[in-house]
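Residue numbering restarts at 1 for every chain, and letters A, B, ... go by the order of the sequence lines. Note that the structure is a prediction, hence the values are computed from the model and not measured. Just so you know, these numbers use all the heavy atoms, side chains as well, and skip hydrogens, waters and symmetry mates.
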There are 2 protein chains.
Amino acid sequence: MSEPAVSEVVIDRLPLYLRMLQFLEKEGKQVTSSQELAKRLGFSSAQIRKDLSYFGEFGKQGTGYNIAFLQKQLRRILHVDQMWDVALIGVGDLGHALANYQGFLEQGFRLVALFDNAPTKIGRTIGSLTVQETTELARVVRERKLEMVILAVPVEAAQKVAEQLVELGVRAILNYAPITLNVPPNVRVYYIDPVIGLQSMAYYLK
Amino acid sequence: MSEPAVSEVVIDRLPLYLRMLQFLEKEGKQVTSSQELAKRLGFSSAQIRKDLSYFGEFGKQGTGYNIAFLQKQLRRILHVDQMWDVALIGVGDLGHALANYQGFLEQGFRLVALFDNAPTKIGRTIGSLTVQETTELARVVRERKLEMVILAVPVEAAQKVAEQLVELGVRAILNYAPITLNVPPNVRVYYIDPVIGLQSMAYYLK
DNA sequence: TAGATTGTTAATCGATTAACAATC
DNA sequence: TAGATTGTTAATCGATTAACAATC
């Protein structure tokens, strides 16, 4: 019962649907519709129905979607109905903030190891985790079979570390360093760069 | 001499081109080609030439693009050939990291004001800036005519603050809160949410 | 000149939307 | 039943790419 091949733009919207469902649930709603989701998310209702239809029939004509049920389905589809262990590499200001962020755990991701190569940081504790030397990285990734890593190292180090991660079999990198990483196509990279965002918005100003 | 209407997907790639040009320049290169950029960025060379062609003719047949010149053109197109003043709202761990980030200034964005409503944070200094009460927000945004804001407040507060910003005439919001903001279409929002990234990558694992 | 690479056109490919039968 | 909303099809819209004349 494997899922069909669905385009990346569709997959990228599913987490937004999931997040909105959680939001509506907190508002006390039990049922929603493609129209409501569309209005709240700024999409068209047809797009939402079509996106969902790639994976099954989750609604009822006339009434819409049961929020709890659709959440469950989306979690299953996205593989976040399980807990993913994640390593965080680079514990500067940003890494520190990420290490303290509670939102990961609630959404299916557990930070299980922190790494940095600065002697002043190694051994320090953030939350329940102790910062380890990057020389320990290979051992930990292998032992814990980590497949996802958050990269928050300085830009000069990012490509090198990424190569090491690829070597170790890591398959998904959440990259905060402002650089396009060169990795094989079977390794996914999601880029987070505030400057890119500000620059593309600046185009529309003036 | 106003620019033509160009699709958003094109605009979103321009900052990546700019960043890669800076990178190549640091490597000591003076000239590049659509092929080289394509290979490094993972796009097709045709796409890069087409994207640039919406704005002018910046290359030379046979030789390619002068890196310094193309950078200059891209900065002009994106309106980052000037310095944009930006306010940062919310100085928790993440806001603190952003306030200390040097990358903004290098790329055309200057943080000029920090806001938070927690009494323990107000008055504290980060870099050269002092954290102000959010009651000061309206005055500062108006006085300095701020059009761009970075939002790093807790998710519960984000929509309310966004509405205030819209009211004040802010036209671009870099939003770190994990929520789809409801703002008028003339206000741009760029979303940064690590969980969304991890969830969409998780789909491809297993 | 020979080789390389641009800018652009036309074709292809893919994503979005309008519309509606099915049905709750 | 009447009203509402789904799931899906076909049409539309838009983005990407292949190919090549122009030309450095």
Practice item. Side chain of A:Tyr65 only, please: which of D:dG7, C:dT5, C:dT8 is the nearest? Key: D:dG7
Revision key, fill the gap. Side-chain contact check for A:Glu57: nearest option of D:dT17, C:dA15, D:dT8 is D:dT8
Exercise for review: Can you establish whether the number of heavy atoms outside B:Gln102 located under 6.0 Å from its atom CD is more than 12?
Suggested key: no
Exercise for review: Verify whether one side chain among A:Gln73 and A:Arg76 offers a donor that lies under 3.5 Å from an acceptor in the other.
Suggested key: yes
Exercise for review: Taking only the side-chain heavy atoms of B:Val9 (C-beta and beyond), determine which of C:dT5, D:dT17, D:dT16 contains the nearest atom.
Suggested key: D:dT16
Study note, to complete from the structure: Closest to the side chain of A:Ser34, out of C:dT6, C:dA15, D:dT6, is D:dT6
Practice item. Could you check if a side-chain atom of A:Phe55 sits within less than 4.5 angstrom of a side-chain atom of A:Leu74, using non-hydrogen atoms only? Key: no
Point to revise | Minimum-distance nucleotide to B:Gln61 side chain [options: D:dA15, D:dT23, C:dC24] | key: D:dT23
**Study point:** Watson-Crick/G-U partner (both atom distances under 3.5 Å) of D:dC24
**Key:** C:dG3
Practice item. Tell me which nucleotide among C:dT5, D:dT5, C:dC24 gets nearest to the side chain of B:Gln35. Key: C:dT5
Check your understanding: Has B:Arg49 got a side-chain N or O lying under 4.0 Å from the OP1 or OP2 atom of C:dA4?
Key -> no
Study note, to complete from the structure: Among the nucleotides D:dT16, C:dA15, C:dT17, whichever has the atom closest to the side chain of A:Ala46 is C:dT17
